[in-house]
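Since the structure comes first, as structure tokens, the remarks are kept for the end.
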Amino acid sequence: MLTVTQMLRKKGVVGKFVEFFGPGLDSMALPDRLTIGNMAPEYGATCGIFPIDAETLRYLSFTGRSAEHVQLVEAYAKAQGMWRDASSPDPVFTDTLELDMSTVEPSLAGPKRPQDRVPLAGAKAGFAESLPGLATTPAGTKVKVAGADYQLTHGDVVIAAITSCTNTSNPAVMIAAGLVAKKAVEKGLSRKPWVKTSLAPGSQVVEDYLKKSGLQEPLDKLGFNLAGFGCTTCIGNAGPLDPPIAEAIDNNGLAVASVLSGNRNFEGRISPHVKANYLASPPLVVAYALAGSMNIDVSSEPLGTGSDGKPVLLKDIWPTNEEIHAAVGKYISHEMYNRRYADVFKGPEQWQAIKPSGGKTYAWDSHSTYVKNPPYFQGMKKEAPKTFNDIKGARPLAILGDSITTDHISPAGSIKAATPGGQYLMEHGVKKEDFNSYGSRRGNDAVMTRGTFANVRLKNEMAPGTEGGVTTYQPSGEQMFIFDASMKYQKDGIPLVVIGGKEYGTGSSRDWAAKGTFLLGVKAVIAESFERIHRSNLVGMGVLPLQFTGGADRKSLKLDGTETFDIEGLSGDLKPRQQVHLTIHRKDGTAQKVELLCRIDTLDELDYFRNGGILHYVLRSLVA
């Protein structure tokens, strides 16, 4: 998965459909295919797809689909020319890449991006190389943790989580993790005391086969207790670190690490206290919980000392493929899937106990801090505007660098008390311990708008030397939260823009990254390049994506945030991907004109934008 992600990101597949083909598919299990396909946002493609073949049918049968359903899939795929078997000719593609699967080696990805793959044997050196950009104190700094008998230093692993719905639905890697835990416990190893461990599979069947195989018990002994099902650490819901550990990290500028079996490790996503985040397979997550540090080469150095006083290496506890496959065959059956998912749509008892109010419209609770009637349709007219308006006198709300992710724009994790989001919750009677996360409060626009551009690792070049959702309000030069500045600008009727670098909007397709941008009063985002999903989402919220051309960018234009911008060429007959004109007015009275590419790419997107966004488009269509 990490090797393919790195290859495709290097190739450049933004906006492309990627299909996997070749003889390597003959031996690739469907869960492995799912894992690669689910990484499409990470390698930037519109989608990553695999052909339908006998392995597809085997998986459908095994996971409880009816014989009639499986037969229909096969018949349809063959009738449509979508079926693959050993005799099928390869499709014709516009471009291809080749991966010799025998060259794939154990890997992690980190410390900040899924495509930053590092070989397992090179992870120690890779962390040391990245340390100067992560830490604020010298290498070798050691800090005593209050009330504990150990010290923390740069590179210590404080979170090890088996998580992510896709990876934890892959029986082979989950059984492998359990076998590593079993062998480690038998050797007398335990996790390091500073490591917070958890197990959060995406499928309830995982609970069944780990218990049946006896592998949940050794996982429990190493701290990988079942925490729940679904999104946890992978989306920032690891829960708080022990306060003494968090204080030791924050008060001493330590760059500690997390290792998780998720898909995304963007800055600020996993934990506000953790600056280095690594993606790894579930069995490697167990190994790093035992080692407790990125400063250990787990491929060759001991993970710990066994009960016999001898050092234990990874190879001593790593299961063979034969052991894994034997356990999968023995302990996992299609009956497990049938039993767990026969009544899946009934929901648990808590869901069934909810009493709906009835009626055709939702009864909004004005006191709820979780679900709030959003303001998207305020002031909306029945007819869409006939023409677009040019943008005049816009101020920049933020000037950002390369690879700004949807996590930077709209974090899903914890809410800090000192931020506008935290202040809003406290004003509405919510205690700090009940803040929950941005992800859990995505039904409340007041919280989510305040959380937009509030990622703790966001660096706004308009406010140098700061991290987090901070900007410089113009023309006064006062530093304040981005949300507060937005409210002041909107009160004065001043339109806003955001300036970005390359690959703006990478990561998962978080709708709030576009919704929050819109509700902050941003009329346009001007970047060097866009990720497809976020660019499309911006258009869907009525925010104009514009792309620098001719080698221009924020650096060559020497933008510092004191400028105002006019964007012309929108009024009249706007067409997809046409040139528009940007005039930069500087505080010394000079002006500079730059050509931009309008990244409304299709006629459908033009219709959405003309209506003020896809929500307005759909509502007007329903009314009509």
Side-chain angles (χ1 to χ4, degrees), residues 1-9 11 13 16-65 69-70 72-74 76-78 80-91 93 96-107 109 114-115 117 162-177 201-203 205-206 209 234 261-264 279-284 321 324-325 328-329 332 334 337 508:
M1 177 183 78
L2 299 178
T3 300
V4 169
T5 298
Q6 183 185 47
M7 285 178 60
L8 290 173
R9 178 57 73 172
K11 175 72 174 176
V13 294
K16 293 179 170 60
F17 284 47
V18 174
E19 181 173 355
F20 299 94
F21 73 105
L25 290 179
D26 294 339
S27 58
M28 183 179 285
L30 196 126
D32 295 334
R33 304 180 192 184
L34 295 176
T35 307
I36 293 172
N38 195 45
M39 289 292 283
E42 279 59 63
Y43 44 79
T46 299
C47 63
I49 56 177
F50 286 82
I52 299 169
D53 59 11
E55 170 63 11
T56 313
L57 304 185
R58 188 203 65 78
Y59 181 82
L60 290 173
S61 296
F62 186 73
T63 52
R65 274 67 170 189
H69 179 85
V70 176
L72 176 60
V73 170
E74 181 178 6
Y76 181 86
K78 289 179 175 178
Q80 293 293 326
M82 297 165 60
W83 179 261
R84 175 196 176 271
D85 57 33
S87 63
S88 302
D90 287 334
F93 298 101
T96 61
L97 281 175
E98 184 172 312
L99 171 64
D100 180 348
M101 291 169 65
S102 70
T103 66
V104 176
E105 58 185 324
S107 304
Q115 64 263 39
R117 185 186 69 87
I162 300 175
T163 180
S164 176
C165 49
T166 315
N167 292 321
T168 57
S169 295
N170 186 331
V173 295
M174 294 303 293
I175 289 290
S203 169
V205 175
V206 177
Y209 65 68
C234 50
S261 60
N263 293 358
R264 295 158 193 139
L279 305 181
S281 65
L284 276 182
N321 286 341
I324 295 169
H325 293 152
V328 169
I332 306 176
H334 71 273
Y337 293 90
S508 51

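It should be emphasised that the depicted structure is a prediction, and the values quoted were computed from it without experimental measurement. One is the number of the first residue; the rest follow in order along the sequence.
- Side-chain atoms of L8 and L97, non-hydrogen and from C-beta on, do get closer than 4.5 Å to each other.
- Counting all heavy atoms, side chain and backbone alike, P114 lies closest to A109 at O-CB, 3.3 Å.
- For the atom pair OG1 of T3 and CD of Q115, the computed distance is 13.5 Å after rounding to the nearest 0.5 Å.
- Other residues, nucleotides and ligands contribute over 12 non-hydrogen atoms within 6.0 Å of the CZ atom of F93.
- Checking side-chain atoms of T103 against main-chain N and O of L99 turns up no donor-acceptor pair under 3.5 Å.
- Between the side chain of H325 and the backbone N or O of N321, at least one donor-acceptor pair lies under 3.5 Å.
- A 4.5 Å side-chain heavy-atom check between I162 and M174 finds at least one atom pair inside the cut-off.
- Atom CD of E98 sits in a sparse spot, with 12 or fewer heavy atoms from other residues, nucleotides or ligands closer than 6.0 Å.
- Two residues are said to be in side-chain contact when any heavy atoms from C-beta on lie closer than 4.5 Å; I175 and Y209 meet this criterion.
- Nearest approach of T168 to S164, heavy atoms of both residues: OG1-O, 2.6 Å.
- Residues F21 and P51 have side chains not in contact (no heavy-atom distance under 4.5 Å, counting atoms from C-beta outward).
- Taking all atoms of both residues into account, the shortest heavy-atom contact from I324 to A172 is CG2-O, 3.5 Å.
- Here the OG atom belonging to S169 is positioned 11.5 Å from the CG atom belonging to L30, to the nearest 0.5 angstrom.
- Side-chain atoms of N167 and M1, non-hydrogen and from C-beta on, do get closer than 4.5 Å to each other.
- Considering every non-hydrogen atom in both G22 and D90, the closest pair reads N-OD1, 4.4 Å.
- Using a 4.0 Å cut-off between charged nitrogen and carboxylate oxygen, R33 and D53 count as a salt-bridge pair.
- Ion pair D26/R84 flagged as a salt bridge, since at least one NZ, NE, NH1 or NH2 atom sits closer than 4.0 Å to an Asp/Glu carboxylate oxygen.
- Of all heavy-atom pairs spanning F62 and H334, the tightest one is O-CB, 2.7 Å.
- Atoms CG and OG, from N170 and S261 in turn, are 10.5 Å apart once rounded to the nearest 0.5 Å.
- Using bins of under 30°, 30° to 60° and over 60° for the plane-to-plane angle, the ring pair F20/Y43 lands in the perpendicular bin.
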**Request:** Take V73 and L57 through the test side chain to side chain contact (heavy atoms under 4.5 Å, CB included) and record every step on the way to the result.
**Result:** CA-CA 8 Å; V73 170; L57 304 185; 4.0 Å; yes

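- From T163, atom OG1 reaches atom CG of N263 across 9.5 Å, with rounding to the nearest 0.5 Å.
- The two residues P31 and E55 come nearest to each other via the heavy atoms CD-OE2, 4.5 Å.
- In this structure, a donor-acceptor pair under 3.5 Å is present between the side chains of D85 and S88.
- Note that CG of L60 is 11.0 Å distant from CD of E74, once rounded to the nearest 0.5 Å.
- Under the 4.5 Å side-chain criterion, counting only non-hydrogen atoms from C-beta, L34 is in contact with Y59.
- The closest side-chain heavy-atom distance from M28 to F50 is below 4.5 Å.
- Atom CE in M39 sits 6.0 Å away from atom CG in L2 (nearest 0.5 Å).
- More than 12 heavy atoms of other residues, nucleotides or ligands lie within 6.0 Å of CE in M7, so this atom counts as buried by the packing criterion.
- Checked for salt-bridge contact, E42 and R264 meet the test: a charged N lies under 4.0 Å from a carboxylate O.
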